[in-house]
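For reference, the structure is listed below as structure tokens.
The figures that follow rest on heavy atoms only: side chains count, while hydrogens, waters and symmetry mates do not. Chain identifiers are assigned alphabetically (A, B, ...) following the order of the sequence lines, protein sequences preceding nucleic acid strands; residue numbering begins at 1 within each chain. Computed from a predicted structure; not experimentally measured.
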Amino acid sequence: MKALLTSPRTAWIVVGVMAAILVVAVTTLQARSATASAGTAAVNHISTNTIPMAELPSIRGEEMAVLTAPPHVPAPITRNYATKVKVELEMFEKTMEIAPGVEYNFWTFGGTVPGSFIRVREGDLVEFTLRNHHSSTVPHNIDLHAVTGPGGGAEASLVVPGHEGVFSFRATKPGLYVYHCATAPVALHVANGMYGLILVEPKEGLPEVDHEFYVMQSDFYTEGAHGEQGFQPFSMEKAIAEQADYVVFNGSTTALTGDNALKVRQGETVRMYLGNGGPNLMSNFHIIGAVLDNVYLEGGTVAQNNVQTTLIPAGGSAIAEFRADVAGDLILVDHAIFRAFHKGAIGMMHVEEVPELAERGRQIFSGPQANRPYTSSAVIED
Amino acid sequence: MLRSAALVLALALCLPLPASGSGVAAVSLDTAMVRVPAGSHLPLYANAGARIAVPAFEIDPFPVTRRDFAAFVRESPQWRRSRINPAFAGARYLDGWRGDLSFGTPHDALRPVTQVSWFAARAYCAAAGKRLPTTAEWEYVAAASEAETDASRNGRFIADVLRTYGARRTPVAPIDGAAPNRFGVHHLHDRSWEWVSDFNSVLMGDDSRGASGHDRRLYCAAGSIGATDPGNYPAFLRYGFRAGLEGRTTADNLGFRCARSIP
Ligand SMILES: [Cu+2]
């Protein structure tokens, strides 16, 4: 190039040739987009503008992820850069109570149903070590819905008892995602309790709240009817028919009742990370006595305001935020209400009264003001 | 009948262990190989209706026990725990054994040997003039209930096997003479998973459609695509287990038994 530019004349020739090439190129492009607008213009448009390529920020340092058992959630991430987060999760098959006096052999991520809560930041590189305890009867793996890639990690993570597997993924998209075991027969692994939630916090973080809780609904199928005492094996027949004996929050009918009730104080803000492990039923999640100020539908980025009941699909999630304005007990239910009454889909949140807010609370809700006999003048004709 | 078998076993367990591997025959269970008549097996993954013909063959009525395996490593030092080539078995090969030739207490003698790799299992069978069963052979024999030779579509049997899998514990319980299946074979479901010769090729189907379809089918709901019997959860569990194996894999609940072709 440099050699060519020895005289102005050759330089002009070069420029001329370049311009010609440019003209041809532009014309070709125009011709192409003309063809495109006739046929696939929309595709061209979307692929370049509407869905930008995921950012892959450079990774600084590394840290171990802190995992928590439900209903607890790891502390918010204060980092303002992407790092390598190491997650170590062990899978156990473990017999626990699904209801008082009723035992079930759960298959778990981390020894609980739902499994350990995982929290990472958008852009993080997650190095996942999945361990299968040597006492397990079967191999397990993990499919994280936060993963972009074949099987959501399932293909890379299948481990037989007494083995561990490692794979890495970039948490490119913020949101609240379900993870679950995807080993054959997947329906059985999920039916036995192999699911949990992973939060990919947006890089700008989430607004500060006073409490964060982890609540996941799921349905169980046992040989005995609901409440039948003793060890209850899985019923394949009922699972296929989708006739659940138990519909529960956090793996048992009592996980969020009595002493296990969630506790907050009046006036505090609450964020609930809600999931539904299924395997079969949708959750019609409702808190009796509260309107959900913000609900990030399906665990995504957009919030709906003032929601009464939110649908959480099997294998899906939602984030709900509200302020506990009034003291008393809030009741968490699946509003497909027979499930709450007869199958265990019920939980409690106790809102403790704060003296300075008591009067404000009474302005919002009076409590009982009167209860007396009256005589009706209406005549009911049959 | 059951009671007397149990009694014999109890006696066998209380006896002091013979000094050498010749004690295998001392077990008062009939360990003579069982002749399985020719038949066919419909793989969990196959083109519609593509049954695999299974010629008549012989199979061990019991899984290989720790005592059996101790006798083998006595004769074949390269398969001892301290000498095993790491290419042929993972770090937990024969885990739980007290030494190269000592598998534990006398109570462990009749436990099916576990923590054995495919390479070791294959070598054991070869030393006995036998071989590992193929997936088709194993599944064909294991489809029999006590009453039927093919109970693979019997919902009660399928549910029983699934419950049995859930009730298994490690260390694997010793063998006993109870409840042989219709072919006269014991413990196909109630002790451990078992090696087959072609554990790593079973997912390709009978037409060997190639790597693209290989084992991917077992993940997530894709596992049911092309399955010949989506209701056979026990079979899914077995295929799922095999999908996680490599030749050097060992596990607390993975053992084997041998088979032999009939010339
Ligand atoms: Cu699993």
Task: More than 12 heavy atoms of other groups within 6.0 Å of A:Glu298 CD - done: no
Open item on the list: Counting only non-hydrogen atoms closer than 4.5 Å, can you tell me which residues of residues 246-256 of chain B sit against chain A?
Closed with: B:Thr249, B:Thr250, B:Ala251, B:Asp252, B:Asn253
- [ ] Might you point out which heavy atoms bring A:Val160 and B:Gly244 nearest each other, and give the distance in Å?
- [x] CG1-O, 3.4 Å
TODO: Using heavy atoms and a sub-4.5 Å threshold, report which of residues 153-166 of chain B line up against chain A, by residue number.
DONE: B:Ile158, B:Leu162, B:Arg163, B:Tyr165, B:Gly166
Open item on the list: Set out, in order, the CA-CA distance, both residues' side-chain angles and the distance that settles side-chain contact (heavy atoms from CB on, under 4.5 Å) for B:Asn232 and A:Met236, then state yes or no.
Closed with: CA-CA 10 Å; B:Asn232 195 339; A:Met236 192 171 81; over 6 Å; no
Open item on the list: Can you confirm whether more than 12 heavy atoms, excluding those of A:Met282, are under 6.0 Å from its CE atom?
Closed with: no
Open item on the list: Counting neighbours of CD on A:Gln229 that are heavy atoms of other residues, nucleotides or ligands and sit closer than 6.0 Å, is the number greater than 12?
Closed with: yes
Task: A:Val138 versus chain B, the contacting section by heavy-atom distance below 4.5 Å - done: both
TODO: Examine whether an atom of A:Phe234 lies under 4.5 Å from a heavy atom of chain B, and if so say whether it belongs to the side chain, the backbone or both; otherwise answer neither.
DONE: side chain
Task: Options A:Ser235, A:Gly162, A:Pro233, A:Cys181, ranked by heavy-atom pairs under 4.5 Å with chain B, top entry - done: A:Pro233
- [ ] May I ask you to name which of A:Asn105, A:Ile240, A:Leu188 has the most heavy-atom pairs under 4.5 Å with chain B?
- [x] A:Leu188
TODO: Please state whether the side chain, the backbone, both or neither of A:Pro161 comes within less than 4.5 Å of a heavy atom of chain B.
DONE: both
Open item on the list: Using 0.5 Å steps for rounding, measure from the CH2 atom of B:Trp193 to the OG1 atom of A:Thr137.
Closed with: 6.5 Å
Open item on the list: Is A:His163 close to chain B through its backbone or its side chain, or both, or neither, when contacts mean heavy atoms under 4.5 Å?
Closed with: side chain
TODO: Side chain from CB out, backbone as N, CA, C, O: work out which of these in A:Ser136 comes under 4.5 Å of a heavy atom of chain B, or both, or neither.
DONE: backbone
Task: Interface moiety of A:Glu223 toward chain B, non-hydrogen atoms closer than 4.5 Å - done: side chain
